[in-house]
Amino acid sequence: MKKLYCFILINIFISSFIAVRFFLVPDVSFSWLGSTFSVFAVLGHFFSLYILLFLLSIPTLWLRKYLCHAILAILFSFIQITLYVDTIVFQQYRFHINESVLSMVLSGQVVDFSATTYLLMLLLMVASFCTEYLIIYLIDFQVSKPHRKSKIILLSTLLLVASLFISQFGHMVAFYYAYSPIMVVKEYIPLYRPFTSKKIMSFFDKQGERKVVYDKDYINATIDYPKNRLVINPENKKLKNIMFIVLDSWRYDTFSNEISPNTFHFVKNNNGVIFNNHYSTGNATRTGIFGLFYGIPGTYWDSFLRASIPSLFITTLQKENYNIGIFTSAKVTAPEFDRTAFVTIENLRISSKDGSASKRDKQITDDWLAWYKSRDISRPTFSFLFYDAPHAYDFPDEFSVKFKPLGDLNYMTLNNDTDPLPIFNRYKQSVYYDDYLLQNIYDELIKSGSLNDTLLIITGDHSQEMNDNKLGFWGHNGNYTDAQTKVPFIIVGATELSNLINNSNKLTNHEDVVPSLMKNYLYVENDVRDYSTGYDLFKPITDRNWLLMSNYSSYAVRTPDNIYFVNRIGISRYMDLHNREVNESPNYQYIQDAMKNMSYFFNQRKSD
């Protein structure tokens with residue numbers, strides 16, 4: 001047992017040494033504190049992983065010595081080679097190897113290895129196996145001698161235990177205070193999931209003095225966003241008001257004359273362009289809103305959160321001296337938009353008063369009306385209203401019920417046999433209520449005379465499934481079918497309508513909003529690819545074959561016919577549009593292109 005433990009310790013330090021390559025990424029530097037933390041994080045992380053391997057390897061001790069040694073040498077040489085290959089993948093793509101990457105490589109569609117590459121890999125495997133076997137042999141010889149090396153083993157163990165504790169506790173504190181130089185270390189280490197707990201930290205921070213520190217010159221960030229400095233409105237053109245109205249969990253099929261009549265008529269009466277094939281950038285609020293405000297995939301969320309990187313759309317509005325009003329029904333701190341998209345906004349409105357979703361929705365309507373009427377009309381205005389009632393299936397008791405029969409929502413009792421009609425009616429009633437509130441917004445835009453000078457975008461952050469696919473899915477964050485990702489998307493107030501109308505039946509998603517507005521309404525002269533992976537909706541879309549979507553822990557590449565899904569541990573599935581697996585191979589060129597977008601805004605090699 002002691003010999004096996006000693007072998008594990010040596011492999012921990014070998015893996016830690018290999019892991020140094022993760023931090024040798026071009027154009028990225030660490031502060032002394034970040035560098036120190038990364039040492040503890042790497043040692044503590046591999047210690048926790050290898051202790052598990054130690055326990056799993058104990059049964060090999062019951063085998064014959066040479067068979068045991070051979071099995072251990074094969075296992076740990078494979079682990080070290082995989083780690084080394086992962087450093088290569090990370091340096092190229094800025095994410096770690098997973099089953100999806102392997103299937104793409106092995107498909108032969110996008111990568112063609114030479115005979116030299118195969119020979120080098122074979123030599124690496126032989127050399128690694130021989131090294132591991134030699135380590136086992138030497139340990140077997142040395143540890144057999146009484147009392148030798150025991151002190152080194154003890155000190156090494158104490159160092160690793162201390163590293164584990166320091167790294168986990170340090171990350172918990174750093175996450176609570178949004179300290180980027182430490183939080184950013186997480187993305188460099190494979191399978192690293194450090195501890196966070198707002199509850200524990202709030203016990204020590206009883207005054208609630210948690211603060212977000214935004215450092216616009218933060219040099220430790222791994223993000224290269226924008227690619228080039230933005231050139232904003234050099235001709236000083238007149239700017240229009242811009243407004244986002246977003247309903248949480250808004251299904252594409254509930255934008256209708258029956259369910260949302262006020263919005264439907266407002267759009268029809270004001271030359272609104274309705275997009276019929278529009279998708280969110282995710283099936284959850286975090287990635288849906290992220291894509292809407294950044295114009296890039298939601299897979300960047302963790303990296304942008306760790307570095308507290310704001311939306312360039314928001315900072316451009318600020319540079320252009322916009323009045324900015326952020327009115328969210330739910331708290332803007334969960335997800336942490338106060339530490340991402342809106343981090344540069346001073347005195348940010350955090351939330352509405354406690355109460356039901358429908359009450360909070362009425363409050364943001366009233367608050368916006370008061371703010372809008374008292375705004376500085378000499379400056380352009382940006383408004384963001386984020387309603388929550390459909391997410392909660394909520395509406396006031398006194399509000400007249402239009403959709404019957406009406407059922408109560410209880411997630412504990414939902415299953416594949418549950419009748420969706422009463423629940424769907426409750427959901428439609430909540431959309432109907434928010435639509436009732438929105439009439440106040442439309443009336444004010446018309447009454448104030450500002451509608452003609454306003455570009456209005458009306459959409460949802462994601463959709464909401466009612467077991468549409470007959471697979472037991474309810475709500476969102478479960479799959480990437482239409483029922484959870486397709487949302488209403490309407491633009492009102494645009495003057496150049498021809499391309500918008502032509503694009504209204506094309507594949508579009510939330511990544512397209514920022515480049516469309518930055519290019520055509522904020523007059524940013526840069527190429528769109530400097531700050532977005534989306535498309536300009538005011539230009540013809542001719543070459544889009546797929547969309548990238550994500551949530552808290554997975555992502556999917558969506559084509560008009562299929563969904564390529566990759567879960568949190570990198571296992572992929574290829575499915576039809578109703579989330580059922582198909583016995584076909586995906587187009588791996590699409591997958592590779594999507595992965596390039598997922599790594600595009602990470603710092604790249606100078607030669608790229």
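All values reported here derive from a predicted model rather than from experimental measurement. Sequence positions, counted from 1, serve as the residue numbers for this chain.
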For this session: Check S163 against G44 and note the closest heavy-atom contact, atom names and distance.
Result: CB-N, 3.8 Å
Exercise. Looking at residues at least two apart in the chain, or sitting in another chain, which of them share a ring-ring contact (aromatic ring centres under 6.0 Å, His included) with F313?
Worked result: F244, F382
Exercise. Got a sec, which residues hit side chain to side chain donor-acceptor pair (under 3.5 Å) with Q80, two or more places apart in sequence or on another chain?
Worked result: N11, S15, Y50
Problem set entry | For T481, the option from N469, D576, N579 that meets side chain to side chain donor-acceptor pair (under 3.5 Å) | N469
Does some side-chain heavy atom of [Y] sit less than 4.5 Å from a side-chain heavy atom of [X]?
X    : Y    : answer
I309 : F601 : no
M125 : I81  : yes
Y564 : Y480 : no
V185 : F23  : yes

For this session: Please list all pairs passing the salt bridge (charged side-chain N to carboxylate O under 4.0 Å, His left out) test where one or both residues lie in residues 121-134, with sequence neighbours left out.
Result: none
For this session: Please lay out, stage by stage, how Y225 and Y300 fare under the test ring-ring contact (aromatic ring centres under 6.0 Å, His included).
Result: CA-CA 11 Å; Y225 168 84; Y300 286 97; 8.3 Å; no
Exercise. Between E511 and N597, does a side-chain hydrogen bond (donor to acceptor under 3.5 Å, both in side chains) hold up when you go through it step by step?
Worked result: CA-CA 11 Å; E511 287 183 38; N597 278 5; 5.0 Å; no
For this session: Evaluate whether atom OH of Y84 has more than 12 neighbouring non-hydrogen atoms of other residues, nucleotides or ligands under 6.0 angstrom away.
Result: no
Exercise. Only one of Y192, F37, F40, Y188 forms a ring-ring contact (aromatic ring centres under 6.0 Å, His included) with H45, so which one is it?
Worked result: Y192
Problem set entry | Within 45° cone of Y600 ring axis and under 6.0 Å: R529 NZ or CZ | yes
For this session: Take S585 and Y574 through the side-chain contact (heavy atoms from CB on, under 4.5 Å) test and state the conclusion after the steps.
Result: CA-CA 7 Å; S585 294; Y574 195 49; over 6 Å; no
Exercise. Parallel under 30°, tilted from 30 to 60°, perpendicular over 60°: which one fits the rings of H391 and H476?
Worked result: tilted
Exercise. Quick check, are the ring centers of F337 and F293 under 6.0 angstrom apart?
Worked result: no
Exercise. F290 and F304: aromatic ring centres closer than 6.0 Å?
Worked result: yes
For this session: Report the C-alpha separation of L83 and F22 in whole Å, then their side-chain angles, then the decisive distance to 0.1 Å, and conclude whether the side-chain contact (heavy atoms from CB on, under 4.5 Å) test is met.
Result: CA-CA 10 Å; L83 181 63; F22 289 119; 3.7 Å; yes
Problem set entry | Test salt bridge (charged side-chain N to carboxylate O under 4.0 Å, His left out) applied to D461 - qualifying residues, sequence neighbours left out | none
Problem set entry | Under the side chain to side chain contact (heavy atoms under 4.5 Å, CB included) test, residues paired with V161 that sit two or more places apart | F47, T157
For this session: Would you confirm whether R349, through its side chain, and V332, through its main-chain N or O, come within 3.5 Å as a donor-acceptor pair?
Result: no
Counting only pairs under 3.5 Å, give me each side-chain donor-acceptor contact of residues 53-75, with atom names and distances, residues two or more places apart or in other chains.
from	atom 1	to	atom 2	distance (Å)
S57	OG	L53	O	2.7
T60	OG1	S57	O	2.5
K65	NZ	D140	OD2	3.2

